[in-house]
2 protein chains.
Amino acid sequence: MGRWEPNARGRLANAALELYSERGFEQTTVAEIAKRAGLTERTFFRHYADKREVLFAGSGELEEAFVKAVADVPKSAAPIDAVAVGLDTLAEFFVDRRDFARRRQAVIMATAELQERELIKLASMSAALADTLRRRGVAEPAASLTAEAGVAVFKVGFERWIGAAEEREMSRFMRESLDELRTALTGN
Amino acid sequence: MGRWEPNARGRLANAALELYSERGFEQTTVAEIAKRAGLTERTFFRHYADKREVLFAGSGELEEAFVKAVADVPKSAAPIDAVAVGLDTLAEFFVDRRDFARRRQAVIMATAELQERELIKLASMSAALADTLRRRGVAEPAASLTAEAGVAVFKVGFERWIGAAEEREMSRFMRESLDELRTALTGN
DNA sequence: CACCTGATGTCATTCACTGTCATCACGTAA
DNA sequence: TTACGTGATGACAGTGAATGACATCAGGTG
């Protein structure tokens, strides 16, 4: 048995999501989160850079997986098709996590500060994706625009997956959204 | 002659941009901004909701102009073409303001907090744009996706306009970016 | 057994932001 | 002219996020 209870990071993340859900983000103090996790405020800030970041622990892995999937697609494929493969990989991350994703998203949508943080995570994904496309030989501005389009498809597809009444695979929403974007831009 | 020096808001905005440029955003306190503008910290917060917002004073008018331009396009036009008209209207806002836009953008790019604020302003534009498209009879998810695409084109076009060596009309960058996005998605 | 290490606690401090009340030139109406 | 209301500002106290410095202490290591 260790000196401290295990998984301090996870306990902090759980406590934060609970409290943000119960009272709202602004009505929750970091001291309260730490207390519920059996820790002190100072320790919270050793695990998470700020009060928002505690909700975005997994975003690094998500970005890595996305980028890696795109990089691994044979170069013969068109850039947007490589991005589509990346979107399918992202979808796998959320299998059996729709309830969790819903709770988390409800908290984020309720507070502008958290939406800002979410947006910069998506912007980071877009930048990493553009970088990967450039490595595949895609020139600017096509690389940045394709990356932005891919993230836009993810955003809209994710929202629709979260909001859907019945459970459907996320990848279906992604493919549907990408097709819709294509037709919207080509005017058919 | 009024009791106070005129244009307190503008003085605060100028002082903030200067100080953020000189020392950086984080190294500048609100008290310093207020002092340079000949006011107190408390008065700063009467004019701007927070330390970031002082750099985004014009964003409301920008969004309004964008949305109005799109709404005024005859309904016979395709959604993406209406958005293109909106982008041209946006471009007019920046005529003769490239130097100012550059200084401001340099400050924003230097600090994550400010990028977050910029991203939520763009997200607000996207949401307003999607709403306008829905009023034009565009169904979801096409409305949201077209709006996201329009804002992506604005982002990329703006960056390229800012970064261009020679001065070219912003609207040219917008059209170029939109065309590139189209070809990237259709795979030609 | 002495020592080192890593995770945590304690304490002090800065600064963004808010609530409340005071101030005071200006306009307006009696 | 005078009394009064109004709006922009100042003064001050308070909360809470975030950071730095130092102390503590169980477990591993030589």
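Remember, predicted model here, so these are calculated numbers, not experimental data. Protein chains get the first letters and strands the later ones, always in sequence-line order, with residue 1 at the start of each. Side chains included, hydrogens not; waters and symmetry mates left out as well; all remaining heavy atoms used.
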When rounded to the nearest 0.5 angstrom, what is the spacing between CG in A:Leu55 and OH in A:Tyr48?
9.5 Å
Between A:Phe94 and A:Phe154, what is the ring plane arrangement, given parallel below 30°, perpendicular above 60°, and tilted in between?
tilted
Taken to the nearest whole Å, CG/B:Leu39 to P/D:dA11 is 11 Å
Tell me the interatomic distance from A:Arg117, atom CZ, to D:dA17, atom P, rounded to whole angstroms.
14 Å
Nucleic acid contacts - residues 41-57 of chain A versus DNA chain C, non-hydrogen atoms under 4.0 Å
A:Arg42, A:Thr43, A:Arg46, A:His47
Taking atom C1' of D:dG20 as reference, at what distance in whole Å does atom CD of B:Glu26 sit?
16 Å
Is any NZ, NE, NH1 or NH2 atom of the basic residue among B:Arg175 and B:Asp179 found under 4.0 Å from an Asp or Glu carboxylate oxygen of the other?
no
How long is the line joining CD of A:Gln27 and P of D:dT15, in whole Å?
16 Å
Using atom CZ of A:Phe25 as one end and atom P of D:dG16 as the other, report the distance to the nearest whole Å.
14 Å
Students often get this wrong, so: under 4.0 angstrom with heavy atoms, is B:Ala31 touching a base, only sugar-phosphate, or nothing?
nothing
Does the distance from a Lys or Arg side-chain N to an Asp or Glu carboxylate O, for B:Arg36 and B:Glu22, drop under 4.0 Å?
yes
Keeping A:Lys51 on the side-chain end and A:Phe25 on the backbone end, is there a donor-acceptor pair under 3.5 Å?
yes
Group every Ile, Leu, Val, Met, Phe, Trp and Tyr by side-chain heavy-atom contacts under 4.5 Å, then state whether B:Ile120 and B:Phe66 land in the same group.
no
Atom NZ of B:Lys35 and atom P of C:dC15: how far apart are they, to the nearest Å?
14 Å
